[in-house]
Amino acid sequence: MYKLFIRPFLFSLDPEKAHHFTFKYLKFVHKIPLVPLLIRKIYNVEHPSLHREIFGLHFKNPIGLAAGLDKDAKLYKELANLGFGFIEIGTITPKPQLGNPKKRLFRLLEDQGIINRMGFNNEGVEAAVKRLKKNTNVLIGGNIGKNKTTPNEEAVNDYLICFKQLFNYVDYFVVNVSSPNTPNLRTLQEKEPLKQLLSTLQNTNLTHKNPKPILLKIAPDLTDEQLSDIIEIVQETHIAGVIATNTTIGREGLVSNNQKETGGLSGKPLKNRSTEVIRFLSEKSNHAFPIIGVGGIFSETDALEKLEAGASLIQLYTGFIYEGAGLIKRINKQLIANMNKGFRNDCL
């Protein structure tokens, strides 16, 4: 139904307008009595074999929504009803910001990808906290970043502001230094600045009685040497794990007309590289920390590939837009089927 009717309509609209329309529609239908229950009945898959215990948190299934879709925590309850095991909000910055000028979101239909140069458009951390205070049972990740006007020398202060204000309202944190759409942000991935940033956040984290897991989201464009540095930094700072990967600035093999647009590329063109990064981190670290795998997951096979490469959990974004909520259900059912056949579903 999604591919036959809903997607053709949404894809006839400007991508950003389609995003806002979808949010308004999901909000509206969830206000109709019994509809939320019906949606959960259609899309949710419950089975003990789907449960995961990762960095001290219980996930009802290993499929999450990646950051970027629900930037401002406006729709996390409705999206959770579609079968996700967890929702990652953000990227959140201390102050509200409009992001980059429009047009800034582009579909690459022939390549089954998306290029975005949104630029951390969000309403700021205070607005997110206000909405998250209403959460009762959705497992939430908080993806945090810095404002565009904050120089890199002061970036740690922006991350600390978001960390402190979100602490009581999210289950884990993600440090985003890998978006290509905020000028000079990726230089924070360099060894010394990154170590300092993560150490500062972790030291603050450890002042709490119950610290929260902190994860690092990395770019797929890092070299093997840089990935080795990431492993060393994760182990030295004792953060909980890594999300691999963010969008890429690479454009190899694309055929779509929009391929020359600047920004981060997500979707199928990212699939193989993100899996390579997951496998490298997992094998070279001797499986020392959990990895959340994201990038180009459009099918059950794609999901299993990420898990077999070493991911403990996975996230969807572009695949969810192209394939619809049915993709979540199909992956969960495949994981259950594999368990019933005696296969191991996780790689811990």
Side-chain angles (χ1 to χ4, degrees), residues 2-3 7-8 10-11 14-16 18-19 63-69 88 91 100 103-119 143 174 176-182 185-186 189 217-224 226-227 230 242-282 291-311 313-324 326-328 330-331:
Y2 177 79
K3 285 187 177 182
R7 190 177 75 179
L10 292 175
F11 279 25
D14 169 83
E16 201 162 344
H19 171 85
I63 307 169
L65 177 68
L69 196 72
E88 191 170 307
T91 296
N100 293 322
K103 186 176 180 180
R104 54 193 181 179
L105 189 61
F106 307 88
R107 300 186 191 97
L108 282 69
L109 297 178
E110 295 86 352
D111 298 298
Q112 292 189 279
I114 291 174
I115 290 176
N116 92 83
R117 51 173 180 262
M118 303 300 288
N143 187 302
V174 180
N176 188 353
V177 290
S178 52
S179 169
N181 300 318
T182 296
L185 182 72
R186 282 190 169 193
Q189 289 183 120
K217 189 164 187 174
I218 64 172
D221 309 307
L222 300 178
T223 64
D224 285 356
Q226 289 172 313
L227 290 173
I230 294 295
V242 170
I243 296 185
T245 63
N246 211 323
T247 57
T248 179
I249 56 174
R251 297 292 188 268
E252 295 81 10
L254 300 182
V255 298
S256 302
N257 291 334
N258 288 328
Q259 63 178 279
K260 295 182 180 179
E261 295 290 346
T262 58
L265 170 67
S266 63
K268 275 201 173 180
L270 183 58
K271 180 175 78 77
N272 291 338
R273 178 54 186 163
S274 66
T275 303
E276 288 173 1
V277 172
I278 292 165
R279 183 172 287 110
F280 183 97
L281 293 175
S282 180
I291 300 167
I292 299 180
V294 55
I297 299 173
F298 279 62
S299 69
E300 301 93 305
T301 301
D302 296 338
L304 292 173
E305 184 180 84
K306 292 284 190 288
L307 295 168
E308 289 164 0
L313 305 165
I314 58 173
Q315 289 178 327
L316 307 179
Y317 185 96
T318 305
F320 174 59
I321 292 170
Y322 274 83
E323 298 292 320
L327 176 61
I328 311 162
R330 293 198 303 273
I331 295 172

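None of these values were measured; they are calculated from a predicted model.
- The shortest side-chain heavy-atom distance between Leu270 and Thr245 falls under the 4.5 Å cut-off.
- Put simply, the side chain of Leu108 reaches to within 4.5 Å of the side chain of Leu265, judged on heavy atoms.
- With sequence neighbours left out, the side-chain hydrogen bond (donor to acceptor under 3.5 Å, both in side chains) criterion links Ser266 to Thr318.
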- request: Take Leu222 and Val277 through the test side-chain contact (heavy atoms from CB on, under 4.5 Å) and record every step on the way to the result.
  value: CA-CA 9 Å; Leu222 300 178; Val277 172; over 6 Å; no
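- Judged by a 6.0 Å distance limit and a 45° cone about the ring axis, Lys268 is positioned over the six-membered ring of Phe298.
- Using a 4.5 Å heavy-atom threshold, the side chains of Gln189 and Ile218 count as touching.
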query: Given Leu105 and Ile114, is the side-chain contact (heavy atoms from CB on, under 4.5 Å) satisfied, shown in steps?
result: CA-CA 7 Å; Leu105 189 61; Ile114 291 174; 3.7 Å; yes
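- Taking a cutoff of 4.0 Å between a charged side-chain nitrogen and a carboxylate oxygen, Arg186 and Asp221 qualify as a salt bridge.
- Not counting sequence neighbours, the partners of Ser178 by the side-chain hydrogen bond (donor to acceptor under 3.5 Å, both in side chains) test are Asn176, Asn246.
- One distance of note links CD1 of Ile243 with CG of Asn143; it measures 7.0 Å at 0.5 Å rounding.
- Residues forming a salt bridge (charged side-chain N to carboxylate O under 4.0 Å, His left out) with Asp111 (at least two apart in sequence, or on another chain): none.
- Atom CG of Leu313 is separated from atom CG of Leu307 by 8.5 Å, given to the nearest 0.5 angstrom.
- Rounding to the nearest 0.5 Å gives a distance of 7.0 Å between CG of Leu327 and CD1 of Ile63.
- No donor-acceptor pair closer than 3.5 Å links the side chain of Ser282 to the backbone N or O of Arg279.
- Residues Ile249 and Pro180 come closest through the heavy atom pair CG2-CB, 3.6 Å.
- At distances below 3.5 Å, not a single donor-acceptor pair connects side-chain atoms of Thr182 with backbone N or O atoms of Leu185.
- With a 6.0 Å radius and a threshold of 12 heavy atoms from other residues, nucleotides or ligands, Asp14 has its CG atom above the threshold.
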field: Pair Glu16-Lys103, salt bridge (Lys or Arg N to Asp or Glu O under 4.0 Å): steps then yes or no
entry: CA-CA 8 Å; Glu16 201 162 344; Lys103 186 176 180 180; over 6 Å; no
query: Should Val294 and Ile314 be marked as a side-chain contact (heavy atoms from CB on, under 4.5 Å) after you check the CA-CA gap, both sets of side-chain angles, and the distance that decides it?
result: CA-CA 6 Å; Val294 55; Ile314 58 173; over 6 Å; no
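- The side chain to side chain contact (heavy atoms under 4.5 Å, CB included) search around Arg7 returns Tyr2, Lys3, Phe11, Tyr322, not counting sequence neighbours.
- Using a distance-only test at 3.5 Å, with no hydrogens or angles considered, no donor-acceptor pair links the side chain of Glu261 to the main chain of Asn258.
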- request: Check step by step if side-chain contact (heavy atoms from CB on, under 4.5 Å) holds for Leu69 and Ile321.
  value: CA-CA 10 Å; Leu69 196 72; Ile321 292 170; 4.3 Å; yes
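- Under the side-chain hydrogen bond (donor to acceptor under 3.5 Å, both in side chains) criterion, Asn100 pairs with no residue at all, not counting sequence neighbours.
- Distance alone, capped at 3.5 Å, is enough to place a donor-acceptor pair between the Ser179 side chain and the Asn181 backbone.
- Summarising the geometry of Ile291 relative to Ile278, their closest heavy-atom pair is CD1-O, 3.7 Å, with the distance given to 0.1 Å.
- Between the side chain of Arg251 and the backbone N or O of Gln259 there is at least one donor-acceptor pair closer than 3.5 Å.
- By the 4.5 Å heavy-atom criterion applied to side chains, Ile292 and Val242 are not counted as neighbours.
- For Arg107, there are no side-chain hydrogen bond (donor to acceptor under 3.5 Å, both in side chains) partners at least two apart in sequence or on another chain.
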- request: Show your working on side chain to side chain donor-acceptor pair (under 3.5 Å) between Glu88 and Gln315 and close with a plain yes or no.
  value: CA-CA 9 Å; Glu88 191 170 307; Gln315 289 178 327; 2.7 Å; yes
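- In this structure, CG on Asp302 lies 8.0 Å from CD1 on Ile331, to the nearest 0.5 angstrom.
- Atom CZ of Phe320 sits about 13.5 Å away from atom CD1 of Ile297, to the nearest 0.5 Å.
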message: Assess the residue pair Asn272 and Thr275 against the criterion (side chain to side chain donor-acceptor pair (under 3.5 Å)); give the C-alpha distance rounded to whole Å, side-chain angles, the decisive distance to 0.1 Å, and a yes or no.
response: CA-CA 5 Å; Asn272 291 338; Thr275 303; 5.6 Å; no
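- When all heavy atoms of Pro269 and Gly113 are compared, the pair lying nearest together is CD-CA, 4.3 Å.
- In this structure, the side chain of Lys306 engages the main chain of Gly295 through a donor-acceptor pair within 3.5 Å.
- In this structure, Asn257 CG and Phe106 CZ are separated by 12.5 Å, a value rounded to the nearest 0.5 Å.
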